[in-house]
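In what follows, a structure is listed as structure tokens, so that the remarks can point back to it.
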Amino acid sequence: MLFEAPATEVAPRLLGGTISVDSVTLRITEVEAYLGVGIDPGSHAYRRKGVKNSTMFGPPGHLYTYFTYGMHVCANVVCSPEGKASAVLLRAGEIVEGIDLARARRLTSRVDVDLARGPARLTVALGITLGDDGTDLTTGRIRVELPRIQVPFEQGPRTGVSWPGGEPSFPWRFWIPGEPTVSPYRRAARR
DNA sequence: TATGCGATTGCCT
DNA sequence: GGCAATCGCATAG
């Protein structure tokens, strides 16, 4: 099955692919990989399966959505064999279909490149909500398509991911070079 | 039961 | 570049 590989392998293959939600389609330009229990302290699945992260432990090829900062929703593609809990966070992309609807949903966005530049902006532009958690991405309303040929990519440390000791974690952020929709890199906020 | 904080964003100086 | 907004959940006591 397509997504039955660790998120670090699936992540670069998603670049240049698309996610469609009803009439809106986005070309994926930036993603991040998160692995599972005991491996990746930056991952929601680093600790045991709980209320918040249970979808990450479910079957691959499904959507994992979570609520953060008391106001934002982010979307992931669940990867790896069931039970291994790895996922790819969809961080940014370019709206290639249904741009009028995306603009209507993202009223604070002044320019089109900002419509889905950032993980929480992306879910708003596509109309993804917490109710879409667990959705199968190969049939139905929400679909993910990989590009026919893998595109060239770059990789570096993940954005906003804190780490014990404060240094950047694994270089598991992947993006398409030169794309204006790629979100700016930020270190984890200091307290 | 109380406390701290996050895979962020948008507005302010 | 700094910081408030806003709340569910994990952790500590």
Side-chain angles (χ1 to χ4, degrees), chain A residues 3 6-8 10-12 14-15 19 26 28-58 62-80 84-93 95 102-134 144 154-175 180-191:
Chain A
F3 298 105
T8 44
V10 177
L14 283 168
L15 295 173
I19 177 169
L26 172 128
I28 300 165
T29 59
E30 180 192 357
V31 296
E32 282 177 2
Y34 290 87
L35 298 194
V37 176
I39 302 170
D40 178 6
S43 171
H44 289 169
Y46 180 59
R47 299 166 198 287
R48 316 201 130 266
K49 182 177 175 180
V51 177
K52 179 181 177 179
N53 62 8
S54 63
T55 308
M56 261 186 92
F57 289 81
H62 287 235
L63 192 70
Y64 164 51
T65 58
Y66 66 88
F67 185 63
T68 191
Y69 289 101
M71 65 193 98
H72 296 306
V73 176
C74 296
N76 299 252
V77 176
V78 176
C79 299
S80 68
K84 285 293 218 176
S86 79
V88 177
L89 171 68
L90 303 177
R91 284 199 59 88
I95 305 290
R103 285 178 185 140
R105 288 167 170 161
R106 290 267 306 122
L107 293 176
T108 56
S109 172
R110 311 288 248 156
V111 290
D112 286 346
V113 292
D114 283 344
L115 287 173
R117 185 166 176 258
R121 294 167 166 181
L122 180 149
T123 59
V124 172
L126 288 174
I128 292 172
T129 68
L130 290 177
D132 296 313
D133 185 56
V144 170
E154 291 181 4
Q155 67 186 94
R158 295 174 297 188
T159 295
V161 177
S162 58
W163 193 258
E167 284 310 299
S169 57
F170 304 112
W172 290 343
R173 176 176 180 242
F174 303 84
W175 67 92
T181 51
V182 173
S183 63
Y185 174 73
R186 271 177 299 195
R187 285 187 68 121
R190 289 182 311 143
R191 291 276 166 185

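A note on names: the letters A, B, ... follow the listed sequences, proteins ahead of strands, and every chain is numbered from 1.
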Tell me if a side-chain donor or acceptor on Arg158(A) pairs with a main-chain N or O of Ala33(A) at a distance below 3.5 Å. yes
Counting side-chain heavy atoms from CB outward, which of dG10(B), dA7(B), dG6(B) is closest to Tyr69(A)? dG6(B)
Whole angstrom is fine here: how far is it from CZ in Arg106(A) over to P in dT9(B)? 8 Å
Measure CZ/Phe170(A) against P/dA7(B) and give the value in whole Å, please. 15 Å
Between Ile95(A) and Leu26(A), is the side-chain contact (heavy atoms from CB on, under 4.5 Å) condition met? List the steps. CA-CA 4 Å; Ile95(A) 305 290; Leu26(A) 172 128; 3.9 Å; yes
Rounded interatomic separation in angstrom, taking CD from Glu32(A) and C1' from dG6(B): 14 Å
Are any side-chain N or O atoms of Arg91(A) and backbone N or O atoms of Val182(A), one a donor and one an acceptor, separated by less than 3.5 Å? no
Consider the side chain of Phe67(A), meaning its heavy atoms from C-beta on, and name the nucleotide among dC7(C), dG10(B), dA7(B) that approaches it most closely. dC7(C)
Passes side-chain contact (heavy atoms from CB on, under 4.5 Å), Ser43(A) versus Met56(A)? Steps please. CA-CA 10 Å; Ser43(A) 171; Met56(A) 261 186 92; 3.7 Å; yes
Could you please spell out the steps behind the side-chain contact (heavy atoms from CB on, under 4.5 Å) verdict for Arg103(A) and Leu115(A)? CA-CA 7 Å; Arg103(A) 285 178 185 140; Leu115(A) 287 173; 4.1 Å; yes
So, does Thr123(A) use its side chain to make a donor-acceptor pair with the main chain of Val73(A) at under 3.5 Å? yes
Residue Ala120(A), side-chain atoms from C-beta onward, closest of dT8(B), dG10(B), dA7(B): dT8(B)
Any donor-acceptor pair under 3.5 Å linking the side chain of Gln155(A) with the backbone of Pro171(A)? yes
Extract from the structure each pairing of a protein N or O with an N or O of nucleotides 10-13 of chain C at less than 3.5 Å, listing the distance.
{"unit_1": "dT11(C)", "atom_1": "OP1", "unit_2": "Arg47(A)", "atom_2": "NE", "d": "2.9"}
{"unit_1": "dT11(C)", "atom_1": "OP1", "unit_2": "Arg47(A)", "atom_2": "NH1", "d": "2.7"}

Could you state the atom-to-atom distance from CD of Glu30(A) to P of dT8(B) in whole Å? 10 Å
Val111(A) meets the side chain to side chain contact (heavy atoms under 4.5 Å, CB included) criterion, sequence neighbours left out, with Val113(A), Asp114(A)
Determine the interatomic distance between C1' on dA7(B) and the same-named atom on dG1(C); round to the nearest Å. 22 Å
Please measure how far the P atom in dA2(B) lies from the corresponding atom in dT6(C), and state the result in whole Å. 23 Å
Rounding to the closest angstrom, what is the interatomic distance between dG8(C) and dG10(B) at atom C1'? 22 Å
Using Watson-Crick pairs (N1 to N3, plus N6-O4 or O6-N4) and G-U wobble pairs, both distances under 3.5 Å, which stems of at least 3 pairs involve DNA chain C? B:1-6 with C:7-12, B:8-12 with C:1-5
Rounded distance in Å - OH (Tyr185(A)) to P (dT8(B)): 11 Å
In whole angstrom, give the distance that lies between atom CZ of Arg91(A) and atom P of dA7(B). 11 Å
Residues that Trp172(A) engages under ring pair (Phe, Tyr, Trp, His ring centres under 6.0 Å), provided they are two or more places apart: Phe170(A)
Looking only at dT6(C), dT8(B), dT9(B), the nucleotide nearest the Met71(A) side chain is dT6(C)
Restricting to ring pair (Phe, Tyr, Trp, His ring centres under 6.0 Å), what partner residues turn up for Tyr66(A), sequence neighbours left out? His44(A), Tyr64(A)
List in numerical order all residues of residues 107-118 of chain A for which some heavy atom is under 4.0 Å away from an atom belonging to DNA chain B. Thr108(A), Gly118(A)
Between dG8(C) atom C1' and His72(A) atom NE2, what is the distance in whole Å? 15 Å
Would you confirm whether Asp132(A), through its side chain, and Thr129(A), through its main-chain N or O, come within 3.5 Å as a donor-acceptor pair? yes
Go through it in stages, so that I can follow the logic: the residues are Leu90(A) and Val144(A), the test is side-chain contact (heavy atoms from CB on, under 4.5 Å), and I'd like the CA-CA distance, side-chain angles, deciding distance and then a yes or no. CA-CA 11 Å; Leu90(A) 303 177; Val144(A) 170; 5.5 Å; no
Lys49(A) NZ - dC9(C) P separation (whole Å): 16 Å
Would you say Tyr66(A) stacks on dA7(B), if stacking means ring centres under 5.5 Å apart and planes within less than 30 degrees? no
What does Arg186(A) touch in the nucleic acid at a heavy-atom separation under 4.0 angstrom: a base, only the sugar-phosphate, or nothing? base
